[in-house]
Every structure is written in C-alpha cells, then in structure tokens.
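All of these numbers come straight from a predicted model, not from anything done at the bench. One is the number of the first residue; the rest follow in order along the sequence.
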Amino acid sequence: MIAGCFNFNQPNTPSSSGSYCSQSQLPQNVITCVYQTQLCDNSPTYLTLSWSKTLFSHSLTISAADVFSITIPLKSSTFSFFRTRHGSKSIRHRNIKLHWNFTRAEFVQNSAEPDSRFYFAVSHNGKLRFFLGDLLRVLSPRRQQNPPEAVLLSRREHVFGSRCYVSRAVFMGSKHEIEIECGGGVLGVKVDGETRLVVKRLAWKFRGYEKIFIGGVEVEFYWDVLSWVVNSDGNGSGHGVFVFQVGDGTVWPEMVGAEKKLMKKSVSGSSVLQWAEESSECGRTSCSSSTRSCGSNATGFSLLLYAWSVN
C-alpha cells in the first residue's frame, strides 16, 4: 500500500511538516525558478533563483550561466557577516549590480519564497534589466524604470505534508493555488479550491497523464507516486512527482545545495519527467551549466512538484 496515500491517522495540517524538518540540515521548503530575460546584450539570459529554507537557515541563490552566482542569506545570524536583508552586490567584470530588500518581506505559511513587500533586481550599466517583487518605487523613488518583461519558464518546488501538498504558482501571468491531496487510494487535484481531477485506484495507477484547465489554459498534468509505493514501510522517505506543463519546452535547472542533499533520499529518478520531456519537441533536463532550454524563444511553462510524505 502507498504510505502517503493510505494512512488515515496522519493529521492533514501544514504544521505537520515541522516534525519532519526537525533536523537542521533538511529543507522545509525549496523553490527554484528559471526566468528568461536579457542582461548584457540582446541574447536571452536564463536567470535561476533558488529559495531555500531549513530550520536554522534561509537563503536565496541567484545564478546565470557563465555570468555570476551569489547566495544571499535571508535569516540574520550572529555567525554571519550579513546582518541585514537589504543590500546590493556588484559584479564588476560584467558591469552588473544586484539589488535586494527583504527587510519587511511577508511569507505565506512556511514558504521559502516571499509573497509580498520585497524586491530583487538586476541592473546592467545602470539600467534595470530584471525585477521581481512589488516595491519598484522603493528601489527607484526618483525615476520610474520599467525593466523588460521577464518570462517565467519553470518552477520546481519541494513541499512536505502527510496527505495534502500545496503550491502557489503563476500560470501564464495569473497566480493560482495548486493543492494535491492523496488519501484512501485516491489522488485529487484542486486549483483555487475547485476540484479539477480525481484519480481512483492509485495503487494501480501510480503513474499517469491527464489534461486539465487552469484559468482557461489547457495544462498537461503528469503524476508519479511509485516512490511512495516502494517506501510503503512508512519511513517518510518517499515522495510523489507531479508535473504541470503548458505549451512547448521544459527548462529544469541542475539540482545543487539543499535540493541535491534532499534528493539523495530519493529511491530513484522519476520516469514521468522523461515522459513530460518527450511530450515537448524541445524538452530538456538539467546539465552542467545552470539550465538547458529549448531555444532563444522558449515558450510555455512547467511546474514540477516533489511532494515529500511526512510520517
């Protein structure tokens, strides 16, 4: 039987993830997003932002292949030289400057990614090239700068729970709450509180594919809970893999740091990822650089969820 889907004695509350993450080295939430933007010239740049939160640490790592990579601590520590969540960093050999302010950032539940009252920006030769957040006027109070629109290509998130796993993602410009519930051998997918898909007899249908609609957009949904089947002893090391894909192209960055440590607990790689890639003419997976992509004019969006069962 699938431990994460057939145990009726586990409480279905977000706080249950705290017991699983009692060890400081295990992440409570890891979110990695890939944006397509333009930094130094007219060619596209793939900017990777990785938000990681553990019991005793909270950080943001920003990287662009062959350009720069920097980690910003978001949680003050007496053992850190970074005592503030407001600052900047210059990449002198590239004439690039990073700006950030997380002093009053608000986070939803246990998310590693801020929801509001923050900004992160990248400028090149004094011109704003990338902006994320809702405090543009705070960054540039004297003159309004409108950075070129950055395209969110993919989001990979690790969520923890016993039966319910929640992610908040942007599909084609609109933010939605994605909820995956697994119990009694049934998999349910809700979007903004409305049920969009129900899969019964999950022990036999542990892998599958269906099309659903989110905000009027057709989304390809893939699931793979084989790891839960393999880890049916209830040790909490299993995870389900869920892919929501819109349009063509898949951009998934290489796993490093907290993500890489977490995936060492994985039984094996998920074949559903290859399935999702093959459905796109130019799908890609991680490589030695920060990302692979399907070309300079990548379109579409992919949400990849690793749902870790808490026992």
Side-chain angles (χ1 to χ4, degrees), residues 27 29-54 57-77 79-107 111-157 170 251-260 289-291 293 298:
N29 185 238
V30 182
I31 300 172
T32 301
C33 298
V34 177
Y35 298 86
Q36 178 178 291
T37 185
Q38 294 180 349
L39 291 184
C40 302
D41 49 36
N42 293 326
S43 61
T45 300
Y46 298 99
L47 195 63
T48 302
L49 275 66
S50 296
W51 310 84
S52 177
K53 184 177 182 181
T54 68
S57 67
H58 191 182
S59 64
L60 165 64
T61 298
I62 312 100
S63 60
D66 304 322
V67 181
F68 68 87
S69 179
I70 182 175
T71 298
I72 303 171
L74 302 182
K75 187 173 185 178
S76 299
S77 171
F79 301 101
S80 173
F81 291 105
F82 296 89
R83 302 297 178 86
T84 178
R85 296 191 293 178
H86 177 203
S88 62
K89 173 70 175 179
S90 295
I91 314 296
R92 299 188 182 277
H93 68 287
R94 294 282 189 171
N95 293 325
I96 292 175
K97 191 171 184 178
L98 312 181
H99 317 259
W100 64 86
N101 191 338
F102 301 101
T103 305
R104 299 181 179 180
E106 296 182 350
F107 298 83
S111 177
E113 181 184 36
D115 183 67
S116 61
R117 304 186 71 180
F118 78 99
Y119 70 73
F120 172 78
V122 182
S123 61
H124 178 249
N125 289 332
K127 185 176 181 181
L128 193 60
R129 308 297 294 180
F130 176 84
F131 182 84
L132 182 67
D134 55 356
L135 300 180
L136 182 59
R137 292 184 179 180
V138 175
L139 172 64
S140 182
R142 295 184 179 180
R143 56 176 181 168
Q144 189 72 20
Q145 295 190 58
N146 295 317
E149 183 179 359
V151 180
L152 177 60
L153 298 179
S154 70
R155 176 186 178 94
R156 184 174 65 217
E157 183 172 0
V170 177
V251 182
W252 289 326
E254 181 182 8
M255 289 190 181
V256 296
E259 263 196 307
K260 189 174 182 179
S289 60
S290 62
T291 61
S293 68

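In this structure, A112 and N29 approach most closely via the heavy-atom pair N-OD1, 2.8 Å. Scanning both residues, E113 and C33, for their nearest heavy atoms gives OE2-SG, 4.3 Å. Taking both residues in full, the closest heavy atoms of Q38 and P44 are given as CG-CA, 4.5 Å, listed atom of the first, atom of the second, then distance. Nearest heavy-atom pair, H93 versus V67, reported as atom, atom and distance to 0.1 Å: NE2-O, 3.9 Å. Nearest heavy atom pair, residue H86 against residue Y119, reads NE2-OH, 3.7 Å. The two atoms that bring L132 and F118 nearest to each other are O-CE1, 3.7 Å, heavy atoms only.
Shown are I62, T61, T48, I91; of these, the side-chain contact (heavy atoms from CB on, under 4.5 Å) with S69 is made only by T61.
Using cut-offs of 30° and 60° on the angle between ring planes, the pair W51 and F102 is perpendicular.
Annotation for E149: atom CD does not count as buried by contact number, only 12 or fewer foreign heavy atoms lying within 6.0 Å.
To the nearest 0.5 Å, the span separating CG on N95 from OG on S90 amounts to 9.5 Å. Distance check, rounded to the nearest 0.5 Å: NE2 of H99 to NZ of K97 gives 5.5 Å. Note that CD1 of I96 and CZ of F68 are 5.5 Å apart. Values are rounded to the nearest 0.5 Å. Once rounded to the nearest 0.5 Å, the distance linking CG of D134 with CD of E106 reads 8.5 Å. Put simply, CG on L153 and CG on L47 are 10.5 Å apart, with the number rounded to the nearest 0.5 Å.
By the 4.5 Å heavy-atom criterion applied to side chains, W100 and L60 are not counted as neighbours.
Under the 6.0 Å cut-off for aromatic ring centres, H58 and F107 qualify, their centroids lying closer than that.
In this model, no donor atom of one side chain and acceptor atom of the other lie less than 3.5 Å apart for T37 and T45.
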